[in-house]
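What follows is one structure encoded as structure tokens, with my remarks underneath.
When a ligand or atom number is given, it counts from 1 through the structure's own listing order. Model, not experiment: these values are computed from the prediction.
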Amino acid sequence: MNAHMMDVPLLISSLIKFADRYHGNTEIVTRTVEGPIHRYTYSEAHRRSKTLANALANLGVKKGDRIATLAWNTHRHLEIYYGVSGSGVICHTVNPRLFLEQIAYIINHAGDCCLFFDLTFSPIVEKLAPLLQHVNHYILMSDKSNLQKSNVPNLLCYEEILSQASTEFAWPDLDEKTDSSLCYTSGTTGNPKGVMYQHRTTILHSYAAAMPDALNLSARDVILPVVPMFHANAWGLPYAAALTGAKLVLPGAGMDGASLFELFEKEKVTLSAGVPTIWMGLVSHLKDKNLKFSTLKRTVIGGSAVPPAMTRSFEKDYNVEVIHAWGMTEMSPLGTVSSLKNKHLSLDREEQLAIKDKQGRAIFGVDLKIVDDNGVELPWDGKAFGELLVRGPWILNNYFRNEKNDSLRKDSDGLDWFPTGDVATIDPEGFMQITDRAKDVIKTGGEWISSIDLENTAVSHPDVIEAAVIAVYHPKWDERPLLIAVKKQGATVSKKELIEFFKDKVAKWWIPDDVVFVNELPHTATGKLQKNKLREEYANYKLPIS
Ligand code: ADP
């Protein structure tokens with residue numbers, strides 16, 4: 001092979017090294033779990049990440065070992081991202097909102113040898129410890145003064161293990177294809193599955209995420225990831241922030257509207273990211289208190305479809321640009337972003353916003369196609385919908401420890417594709433729109449109805465805050481849509497009025513057969529509607545038969 005260019009591996013340690021050298025005095029601000037605001041710089045974060053790498057070695061942790069975290073978005077969690085992966089160990093972020101048995105399954109399946117956790121999660125860890133098979137060290141992510149607040153046996157303290165370790169550390173020169181971090185998908189059915197990222201895939205994904213038509217990040221930004229660091233690595237933002245030298249603001253456990261807004265304003269946040277559910281809380285706080293953002297310019301929304309009403313509220317009422325993104329844990333997670341093209345600039349505002357309602361076009365590195373039941377590719381006409389398949393350098397090849405090695409599907413050209421389980425259309429400009437999860441689609445008389453479309457229509461009614469549409473058995477049509485909705489406080493809309501509201505907005509045969517009003521809808525640990533729970537609850541629901 002002709003080696004005419006340098007062979008420099010793409011490593012996670014290079015991100016924090018770069019941020020230290022070129023953006024050394026840029027701030028990282030944390031609302032700590034203990035309460036006070038913590039403020040330091042990329043240089044200090046780098047020094048402490050190296051100290052942590054030494055502390056891990058002192059605990060006997062070796063390259064290739066896995067360590068788990070149960071933690072909020074904080075500076076210590078960031079140091080773990082870099083100190084652990086940078087030294088060749090694997091950083092396994094665990095979602096603390098899962099059931100105890102699921103958390104135990106995940107940590108045992110990963111074979112994690114250490115568990116780092118925030119004080120908030122101490123009660124979980126106390127119950128968890130007897131169930132864990134491989135964890136040798138429990139480390140409270142706090143200082144010594146908080147140790148007695150936790151009853152976890154043989155507990156170590158993060159600040160103490162750091163204070164006992166040397167600050168001198170040379171990041172190892174790893175192969176860029178070394179495993180770096182691990183994240184399990186929530187798995188609405190069956191056991192959660194592990195997705196193992198590599199150094200190379202993480203760096204490539206960070207480059208792609210930072211691009212102007214993706215998340216559009218720069219050294220002029222102040223980024224506050226609301227999306228948790230245990231949800232697909234906070235969509236890669238802790239890495240991409242270092243790659244661009246952006247200031248990072250980490251909200252700790254304060255995820256309510258008031259705490260977030262205060263931090264947005266105090267730290268002059270320009271860009272944020274989170275799932276639609278979290279923004280509902282923030283926007284309703286702003287509305288109640290008649291507040292406006294003074295520095296926020298853009299917000300990335302993804303993880304579930306962004307209700308069109310939310311995009312319009314952000315863009316028109318608050319002058320904040322919505323960046324609608326789609327992806328999956330299996331895709332590191334970014335796949336598409338709904339950024340306009342030059343030709344769209346002459347469209348009027350409503351036409352532009354309608355484009356943003358779609359999940360968007362592929363970012364370089366990701367290839368998409370939609371296929372029918374026989375695997376035949378469907379046209380990009382914005383109408384035909386089929387299962388969405390993806391391929392690319394930061395997309396899963398096989399789930400962690402899946403011996404069957406059956407996570408991909410081969411097409412007739414011999415290329416491997418990852419089946420997303422999403423059903424989508426692609427328009428002639430390449431904009432993909434999710435019409436449903438394959439398992440949520442409503443199959444009525446042999447035709448498909450998109451539950452997401454119906455939910456979006458329901459929440460565009462001024463009296464509805466949240467809605468879920470599920471398939472319910474129908475003797476003639478097999479399945480028909482049932483709308484389950486949460487009304488705004490004090491709202492009086494009736495079932496009949498809500499059904500009327502769908503007329504002329506969707507095809508007649510799509511209109512839900514019935515409506516149930518509830519006080520709240522169930523959500524998964526990552527804030528998505530838990531439709532399988534609703535399907536169980538309404539399994540025997542009798543629709544009015546006309
Ligand atoms: P989980 O929540 O199951 O752990 P992910 O966060 O990886 O997993 O979820 C991926 C799925 O979330 C996608 O396959 C898709 O169904 C849904 N999703 C993500 N972003 C969007 C979006 N912008 N619009 C609609 N659905 C989305």
In terms of side-chain heavy atoms, does [X] have a donor or acceptor partner in [Y] at a distance below 3.5 Å?
X      : Y      : result
Glu466 : His523 : yes
Trp448 : Asp436 : no
Trp72  : Thr120 : yes
Tyr399 : Glu330 : yes

Is Asp422 in contact with ligand 1, taking contact as a heavy-atom separation below 4.0 Å? yes
Look at ligand 1 and say whether Ala325 reaches it with a heavy atom at a distance under 4.0 Å. yes
Test the Lys505-Phe501 pair against the cation-pi criterion, namely NZ or CZ under 6.0 angstrom from the six-membered ring centroid and within 45° of the ring axis. yes
What are the atoms of ligand 1, with element, lying closer than 4.0 Å to any heavy atom of His324? 22 (C), 23 (N), 24 (N)
Are any of the N or O atoms of [X] closer than 3.5 Å to those of ligand 1?
X      : value
His231 : yes
Gln359 : yes
Val306 : no
Gly303 : yes
Trp326 : no

From atom 10 (C) of ligand 1, work out which of Gly335, Pro333, Gly327 has a heavy atom at the shortest distance. Gly327
In chain order, what residues pass the side chain to side chain contact (heavy atoms under 4.5 Å, CB included) check against Glu315, with sequence neighbours excluded?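 Scan of Glu315 (side chain to side chain contact (heavy atoms under 4.5 Å, CB included), adjacent residues dropped) gives Thr311, Glu321, Val322, Arg349, Leu353, Lys356.
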Going by the salt bridge (Lys or Arg N to Asp or Glu O under 4.0 Å) test, which pairs reach into residues 382-400, not counting sequence neighbours? Glu387-Arg409
Residue part near ligand 1, for Ser304, under 4.0 Å between non-hydrogen atoms: backbone
